[in-house]
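Written below as C-alpha cells is the structure these notes are about.
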Protein chains: 2
Amino acid sequence: MTASPDLLFRALADPTRRGLFERLCLDGEQTVAALTNGAGISQPAVSKHLGILRQAGLVRDRHEGRQTHYSAQQRALAPLVDWTGRMTRFWEARFDDLEDLLKRMDQ
Amino acid sequence: MTASPDLLFRALADPTRRGLFERLCLDGEQTVAALTNGAGISQPAVSKHLGILRQAGLVRDRHEGRQTHYSAQQRALAPLVDWTGRMTRFWEARFDDLEDLLKRMDQ
DNA sequence: ATTTCTCATAACCACATAGTTATGGGTTAG
DNA sequence: CTAACCCATAACTATGTGGTTATGAGAAAT
C-alpha cells in the first residue's frame, strides 16, 4: 500500500500535520487526546489531520475501547526517498550537488 | 543557503510546480518559454511557480539577454533527506519499517 | 439506565493559493 | 527608431484548505 509522491508531499506540506507525524515518529504511539494536547488546535482539527495522514499511509490507527491510538508508518516515506533519489541520482546532475546528498543518505 | 523543511515541502506540494522541478532535474537547464511549453498553464503562472521554487532554493536563474534560464539545485533537497532520516533512523522505530527504507537509500 | 468520556463527522468560515488576463520593462531584430 | 519578443509583476477570481463550533456514535463508569 504505497501512496503516490503527490499524496505524501501534500500530506506533509502542512506544518501542523507534519508536527503530528513527527511526534508519532519520535515519541511513538499516542491517542488523539494526547496528540491534541500540545498541538495548539482543537480535537476535531487533529482528527482531520490524522485522517489525511492515514489516507497517505503515514499513520495507522488502532481502536481500543473508546480511544484510538495512532502510530507512524515510516515505510510510507519510501516513495519520497525514491523520488529524491530519482531527482538527484540522474545522469547529468552536477557532482558537487550530489556528493553532499549521497553523504547524508549513507549516514 | 539551506532552506527549511517547511519551505521545501510546501514548494514541492503542488504537482505542477513539482513537475517543473522534475523537468529541470531530468532535462537540465531551460528557459521560461521552454518550460511553459508542455506545462499546460500560462507563462505568468510558470513564472510564479519558478519564483516559489527559487525562494525555496530549489532552482537558480541565469539571465542571458531577454531570456531567463532556470536550472535545478539538487543540493537544496538536503534538508528533506535529513528530515526523512530523522523520522526513520530513530531509536524506537520498528525494524521492519526501517529495513526497506535503508535499502532504498543505499541504492 | 444514565451519565461521562473519546473520538469522528458535519456545517460553516476565513484565508491561502493556483490560475487567469492585462501590462510594463528590458532586449533583440528589422 | 520602431516593432517584436521574453519574462515578471499586478490585479483579480475561483477553489482548496485549515481552522472553528455543534453534534452524534460508541464505550466505560457510576
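Order of the sequence lines fixes the chain letters, A, B, ..., with proteins taken first and strands second; residue numbering starts at 1 for each chain.
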Please write out the pairs of protein N or O atoms and N or O atoms of nucleotides 13-18 of chain C separated by less than 3.5 Å, giving the distance to one decimal.
unit_1, atom_1, unit_2, atom_2, d
C:dA18, OP2, B:Arg17, NH1, 2.9

Separation of atom [atom1] in [X] from atom [atom2] in [N], rounded to whole Å:
{"X": "A:Phe9", "N": "D:dG16", "atom1": "CZ", "atom2": "P", "value": "22 Å"}
{"X": "A:Leu7", "N": "D:dT17", "atom1": "CG", "atom2": "P", "value": "11 Å"}
{"X": "A:Asp61", "N": "C:dA8", "atom1": "CG", "atom2": "C1'", "value": "11 Å"}
{"X": "B:Gln30", "N": "D:dC7", "atom1": "CD", "atom2": "C1'", "value": "16 Å"}
{"X": "B:Leu50", "N": "D:dA8", "atom1": "CG", "atom2": "P", "value": "7 Å"}

So do the side chains of A:Asp61 and A:Leu50 get within less than 4.5 Å of each other, counting heavy atoms only?
no

Is the shortest side-chain heavy-atom distance between B:Lys48 and B:Pro44 below 4.5 Å?
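Not in contact.
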
Check step by step if side chain to side chain contact (heavy atoms under 4.5 Å, CB included) holds for A:Gln73 and A:Val59.
CA-CA 5 Å; A:Gln73 287 283 103; A:Val59 300; 5.7 Å; no

Closest approach of B:Ala76 and B:Gly57, non-hydrogen atoms and distance?
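Nearest pair, atom of B:Ala76 first, then B:Gly57: CB-O, 3.1 Å.
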
Among A:Arg62, A:Gln30, A:His63, whose side-chain contact (heavy atoms from CB on, under 4.5 Å) with A:Thr68 holds?
A:His63

For B:Arg60, which residues count as a salt bridge (Lys or Arg N to Asp or Glu O under 4.0 Å) partner, sequence neighbours excluded?
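Testing B:Arg60 for salt bridge (Lys or Arg N to Asp or Glu O under 4.0 Å), a comparison that skips the adjacent residues, returns none.
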
In residues 33-41 of chain B, which residues come under 4.0 Å of DNA chain C by heavy atom?
B:Ile41

Residue pair B:Leu58, B:Leu77: steps toward the side chain to side chain contact (heavy atoms under 4.5 Å, CB included) verdict:
CA-CA 7 Å; B:Leu58 288 164; B:Leu77 292 173; 3.8 Å; yes

Name every donor-acceptor pair, under 3.5 Å, that has one atom in a side chain of residues 4-12 of chain B and the other anywhere in the protein, sequence neighbours excluded.
unit_1, atom_1, unit_2, atom_2, d
B:Ser4, OG, B:Leu7, N, 3.2
B:Asp6, OD1, A:Arg18, NH2, 2.9
B:Asp6, OD2, B:Arg10, NH1, 3.1

Only distances under 3.5 Å count here; give the side-chain donor-acceptor pairs of residues 31-38 of chain A to other protein atoms, sequence neighbours excluded, each with its distance to 0.1 Å.
unit_1, atom_1, unit_2, atom_2, d
A:Thr31, OG1, A:Ala34, N, 3.2
A:Thr36, OG1, A:Val32, O, 2.8

Between B:His49 and B:Asp14, does the side chain to side chain contact (heavy atoms under 4.5 Å, CB included) criterion hold? Intermediate values first, please.
CA-CA 9 Å; B:His49 282 305; B:Asp14 182 70; 3.3 Å; yes

Walk me through whether B:Glu22 and A:Trp83 qualify under side chain to side chain contact (heavy atoms under 4.5 Å, CB included).
CA-CA 10 Å; B:Glu22 289 178 1; A:Trp83 183 86; 2.8 Å; yes

Summarise how protein sits on nucleotides 21-30 of chain C as a single string, 5' to 3': B when a protein heavy atom is under 4.0 Å from the base, S for sugar-phosphate-only contact, - for no contact.
BB---BBB--

Can you find a side chain N or O atom of A:Tyr70 that sits less than 4.0 Å from OP1 or OP2 on C:dA8?
yes

